[in-house]
Amino acid sequence: MLETLLARYLQKFLKGFTPEHISAHLLKGSVKLKEVELDLIAVHELLVDVLPCALELQKVRCSFISLKVPWKRLRRQPVLLELSGLEVKLKVHSEDSDWLAAQEKLHPEKTSKGEDLSIDEAADSDDRKEEKEEKEDASLLKVGLKEVITDGLQVVLKSLQVDLWSSRQVSPLELRVEALESFPCSVRGEKISKPQDVYEFCDPCARLFRLVQIDGLRLATNQKPGAMVEVIGPVSVQIEQRRWCGFIPQHRSRRVCPFSSETAITIRLASVALQLPVAPVMAVCEVLLDLIKGGLPFSQSELPPDSDQAAGAVSWSELRPGRAGATGLHWREQLLNRKNVTLLTLSLTLEQCGATICMDTKAAQLEAHDFMFTLDLISSLDTSRWRCLYELGLCEKSTEGVKMQCLQRIFGIYLGLARLMWSTLGSEEVPKTLLSLGLSHRPSVSVRWKDVPAVHSTWESFQPIEGCLHSVKVLVDVSAFQSLVETVKKIVMPFTELIEPPPFACSWCRIRLHDLTVEVPKQALTRNGVTLD
């Protein structure tokens, strides 16, 4: 009976689904599906709100799905979702394609219905909407068994294949993942088996940790010669979330905020190998251009208006001396009230990377060690989050009519050692080192820049840049650098029409260089019939 009921419901979203495709046990809390394919017509409206306009989802198929829900011990045992043999097929349409034009006709810009209402009707409508939002916010604050189960969810995926097609290409761009596992963990990365132990309370915050491990990640094109990006070793992604806690007097209980005020994402890769022939790279760039030109999802809202509340959330500290790779420079740090903003911190660490760019008869080889990219993104709070903080007693008053917007971005790039070599394809000659950076005992590159958008009418957007370079050695081979620059320009130039250069603050741009060596390549000279080096 359970299998029949589930089959009736799943038939609405899965193609050709019958009770033979499902195996369920109510008391055991186990549901298994075999050879299922998503019905894209049934979920079309949901996909329109999520996918970019130029991206069409053509196929989603999974050979095996298993869901285990321990009904009797939901706080002690996690909900486990297992998937195997997941196949996804996507297609990127060009800007002038008939499919994109048809989608724009199906989803015209939504007009406001309030324009045809009277003043009283519009006021009643706003009151009902505000009352509904307050009820939704109040329900969000009741973090109970549902949230514990969700945060304790464990996901195991075996064999993921994503094919990205383009109207300009004959062969697809293929993404392969051998295995993926996601589970809640402790600070040290140890798996937490009991959902009730997921939250780590450190007054006035609750912390949650989640670890995602990816094995066998590979990105390649079928075009010959093909481009390939292969990650050697596992990819580790650790996510830390911090949520404010407060006391609600009428409930006489302590509650946890439904949103994360601070999120830290740390990505670690051991080694990455890249093979980049120019032709396949250009083909991939064309696909990215079509995807960017297509625009955001049709349901994407307009940019938020200016906000005094957002403008007053960030300030700057006095100059402070830099350390390590920033020796000799002084940094300015941001000062903010952490309760009034959300902070996203992204850190990407790569221990070793090797890339080869193949041209007609030449090849440029790049080796890099101990690379790190960091991003600190600070955003203001929207109305619903202000209400949550107010209900928890974490702010004095609730703010109405405020939308979330970016206040500040801080980028950082750090590099240990790097070397750029130039060689001739098919030749046994020793490659020439065009550029080398760094010594073993200190980072060679330490650059940081801030992006401060004009979120208020009285502000001006600017981007100060600060950085240090150590132990730079350059071989002045004019022909090699010209070929390399022309190749890079060929790849980058199509994006220049979409990217507007930021307004750099020249008075804040400071680059300090330590230890520069410039070499000139040897040339054979003939004087009076004698050849000299």
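The shortest non-hydrogen separation linking Cys185 to Gln238 is SG-NE2, 4.2 Å. Residues Arg210 and Pro184 approach most closely at NH2-CD, 3.7 Å, considering heavy atoms. Closest non-hydrogen pair, Thr433 versus Leu475, comes out as O-CB, 3.4 Å. When all heavy atoms of Leu164 and Leu55 are compared, the pair lying nearest together is CD1-CD1, 4.0 Å. The minimum heavy-atom distance between Asp290 and Ala54, with the atom names listed, is O-CB, 3.6 Å. When all heavy atoms of Arg409 and Leu375 are compared, the closest pair comes out as CB-CD1, 4.2 Å.
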| message | Walk me through whether Leu180 and Val212 qualify under side-chain contact (heavy atoms from CB on, under 4.5 Å). | response | CA-CA 7 Å; Leu180 182 148; Val212 181; 4.3 Å; yes
| task | Quick one: do Met359 and Glu486 satisfy side-chain contact (heavy atoms from CB on, under 4.5 Å)? Show the steps, please. | result | CA-CA 11 Å; Met359 288 157 272; Glu486 290 297 326; over 6 Å; no
| field | Steps toward side-chain contact (heavy atoms from CB on, under 4.5 Å) verdict (Leu344, Thr263) | value | CA-CA 5 Å; Leu344 172 63; Thr263 303; 3.9 Å; yes
| Does the side-chain contact (heavy atoms from CB on, under 4.5 Å) test come out yes or no for Val472 and Val474, once each step is laid out? | CA-CA 7 Å; Val472 181; Val474 183; 3.9 Å; yes
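For the pair Ser446 (side chain) and Gly467 (backbone), a donor-acceptor distance under 3.5 Å is absent. The main-chain N or O of Ser84 is found under 3.5 Å from a side-chain atom of Ser63 such that the two form a donor-acceptor pair. Listed for the Ser444 side chain is a donor-acceptor partner under 3.5 Å among the backbone atoms of Leu415. Side-chain atoms of Arg242 never come within 3.5 Å of backbone atoms of Ala264 as a donor-acceptor pair (strictly under, hydrogens ignored).
Within the 4.5 Å cutoff, the side chain of Cys353 has no heavy atoms near those of the Leu366 side chain. Two residues are said to be in side-chain contact when any heavy atoms from C-beta on lie closer than 4.5 Å; Leu350 and Ile267 fail this criterion. Proximity of Glu429 to Ser423: side-chain heavy atoms (C-beta onward) are nowhere separated by under 4.5 Å. Inter-residue side-chain proximity for Ile465 and Ile511 is flagged as met; some heavy-atom pair is nearer than 4.5 Å. You'll find the side chain of Ser260 reaches within 4.5 Å of the side chain of Arg243, heavy atoms only. The closest side-chain heavy-atom distance from Val231 to Leu219 is not below 4.5 Å. By the 4.5 Å heavy-atom criterion applied to side chains, Val518 and Leu516 are counted as neighbours. Residues Thr517 and Asp515 meet the side-chain proximity criterion, which asks for heavy atoms closer than 4.5 Å.
A distance of 13.5 Å separates NZ in Lys91 from CG in Asp163, rounded to the nearest 0.5 Å. For the atom pair CD of Glu56 and NE2 of His93, the computed distance is 3.5 Å after rounding to the nearest 0.5 Å. Of the inter-residue distances, the one linking Ile239 atom CD1 with Leu208 atom CG reads 11.0 Å to the nearest 0.5 angstrom. Once rounded to the nearest 0.5 Å, the distance linking NZ of Lys158 with CG of Leu83 reads 11.0 Å. Atom CZ in Phe373 sits 9.5 Å away from atom OG in Ser347 (nearest 0.5 Å). Between the CD atom of Gln213 and the CZ atom of Phe183 there is a distance of 4.5 Å, given to the nearest 0.5 Å.
The aromatic rings of Phe411 and Trp449 lie parallel to each other, their planes meeting at an angle below 30°, with 60° marking the opposite boundary.
In this structure, Glu178 does not pair ionically with Arg176, as no charged nitrogen and carboxylate oxygen lie closer than 4.0 Å. The existence of a salt bridge linking Glu37 and Lys59 is excluded, since no basic side-chain nitrogen approaches an acidic carboxylate oxygen closer than 4.0 Å.
Counting non-hydrogen atoms of other residues, nucleotides and ligands closer than 6.0 Å to CZ of Arg207 gives a total above 12. Summarising the local packing, CD1 of Ile41 is surrounded by 12 or fewer heavy atoms from other residues, nucleotides or ligands at distances under 6.0 Å.
Applying the salt bridge (Lys or Arg N to Asp or Glu O under 4.0 Å) definition to pairs two or more places apart or across chains, those involving residues 417-426 are Glu367-Arg419.
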